[in-house]
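Okay, so here's the structure we're looking at.
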Amino acid sequence: MSIGGDGYPTEQDLATVANWPASDPEGWFAFVRERWWAADWGWHEYRGLDEWNRPVRVYDVSTAGWSGNESLIEAMRRNWLLWGKTWVSSRRGGHYRFEVLLTGDGLSAGGGS
């Protein structure tokens, strides 16, 4: 994990998130989670179904208002391909839901809903 000395994600981390390859959404989320402050509280992953009843990996994340997590969300938004493929919703208070479509073997299909 490459978190800066003050506990914030480094500029290199943010650039990596913003430029992550669109073919690897699960790797993207794993990279961001490693840098997420209070992930034990504000980061939840589980299998679910999307609105078309397809299997997905759901990522429910909350920034807790912490600026380091907000910076990670902004870097994720700059990666418009992955953001567009995985973002489902957001609501006031820094809460976000993402979904990654799964294949029959449980591996990422590289897309979202």
Side-chain angles (χ1 to χ4, degrees):
M1 177 177 1
S2 61
I3 293 182
D6 55 3
Y8 285 83
T10 66
E11 288 302 316
Q12 180 59 47
D13 288 338
L14 298 175
T16 298
V17 170
N19 296 301
W20 199 271
S23 61
D24 184 23
E26 289 177 332
W28 190 51
F29 284 107
F31 184 85
V32 172
R33 187 188 191 290
E34 288 177 4
R35 286 143 184 86
W36 199 261
W37 178 77
D40 56 331
W41 171 85
W43 188 284
H44 305 282
E45 298 176 26
Y46 53 93
R47 287 182 62 111
L49 297 174
D50 70 7
E51 60 187 306
W52 296 281
N53 215 30
R54 298 177 301 181
V56 292
R57 175 153 319 281
V58 178
Y59 299 86
D60 282 327
V61 303
S62 297
T63 65
W66 190 65
S67 58
N69 290 346
E70 297 288 345
S71 295
L72 287 164
I73 288 290
E74 287 308 312
M76 292 172 76
R77 277 195 176 125
R78 287 194 312 269
N79 190 326
W80 60 271
L81 279 174
L82 274 171
W83 183 271
K85 289 168 71 171
T86 63
W87 176 82
V88 174
S89 65
S90 52
R91 60 186 169 90
R92 183 176 31 200
H95 305 287
Y96 297 84
R97 173 169 286 199
F98 302 91
E99 294 176 354
V100 175
L101 186 62
L102 300 174
T103 62
D105 59 6
L107 300 175
S108 169
S113 29

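Note that the numbering runs from 1 along the sequence shown for the chain. Just so it is clear, the model here is predicted, and its values are computed rather than measured.
A cation-pi arrangement is absent between Arg33 and Phe29 under the rule of less than 6.0 angstrom and at most 45 degrees off the ring axis.
Shown here for Ser62 and Trp36, the closest heavy-atom pair between the two residues is O-NE1, 3.2 Å. Across all their heavy atoms, Leu101 and Asp50 have their closest contact at CD1-OD2, 4.4 Å. The two residues Arg35 and Asn69 come nearest to each other via the heavy atoms O-OD1, 4.4 Å. Considering every non-hydrogen atom in both Pro9 and Gly68, the closest pair reads CG-O, 3.6 Å.
Here CG of Asn19 is found 10.5 Å from CG of Leu82. Values are rounded to the nearest 0.5 Å. A distance of 10.5 Å separates CH2 of Trp80 from NZ of Lys85, quoted to the nearest 0.5 Å. A distance of 11.5 Å separates CD1 in Ile73 from CG in Leu14, rounded to the nearest 0.5 Å. Here the OG atom belonging to Ser90 is positioned 10.5 Å from the NE2 atom belonging to His95, to the nearest 0.5 angstrom. Between the CZ atom in Arg57 and the CD atom in Glu99 there is a gap of 12.0 Å [rounded to 0.5 Å]. For the atom pair CZ of Arg78 and CH2 of Trp83, the computed distance is 11.5 Å after rounding to the nearest 0.5 Å.
Between Tyr59 and Val32 there is no side-chain heavy-atom pair separated by less than 4.5 Å. The closest side-chain heavy-atom distance from Arg47 to Pro55 is below 4.5 Å. With a 4.5 Å cut-off on side-chain heavy atoms, Tyr96 and Met76 do not count as touching. Counting heavy atoms from C-beta on, the side chains of Trp87 and Arg77 never come closer than 4.5 Å.
Between the side chains of Glu45 and Trp43, at least one donor N or O sits under 3.5 Å from an acceptor N or O. Using modelled atom types and a 3.5 Å distance limit, the side chains of Thr16 and Asp13 yield no donor-acceptor pair.
Partners of Ser89 according to the side-chain hydrogen bond (donor to acceptor under 3.5 Å, both in side chains) rule, which considers only residues two or more places apart in sequence or in another chain, do not exist here. Taking Trp20 as the reference, Asp24 meet the side-chain hydrogen bond (donor to acceptor under 3.5 Å, both in side chains) condition, with sequence neighbours excluded. Residues that satisfy the side-chain hydrogen bond (donor to acceptor under 3.5 Å, both in side chains) test with Glu70, not counting sequence neighbours, are Thr63.
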#### Entry: Residues Leu72, Trp37; criterion side chain to side chain contact (heavy atoms under 4.5 Å, CB included); working and verdict
CA-CA 10 Å; Leu72 287 164; Trp37 178 77; over 6 Å; no

### Task
Starting from the C-alpha separation in whole Å, work towards a yes-or-no answer on side chain to side chain contact (heavy atoms under 4.5 Å, CB included) for Phe98 and Val88.
CA-CA 5 Å; Phe98 302 91; Val88 174; 5.6 Å; no

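Classified by interplanar angle (parallel below 30°, tilted 30° to 60°, perpendicular above 60°), the ring pair Tyr8/Trp66 is parallel.
Neither Tyr46 nor Leu49 shares a network with the other; the hydrophobic side chains, linked directly or stepwise wherever heavy atoms of I, L, V, M, F, W or Y lie under 4.5 Å apart, form separate groups for each.
The main-chain N or O of His44 is never found under 3.5 Å from a side-chain atom of Asp60 such that the two would form a donor-acceptor pair.
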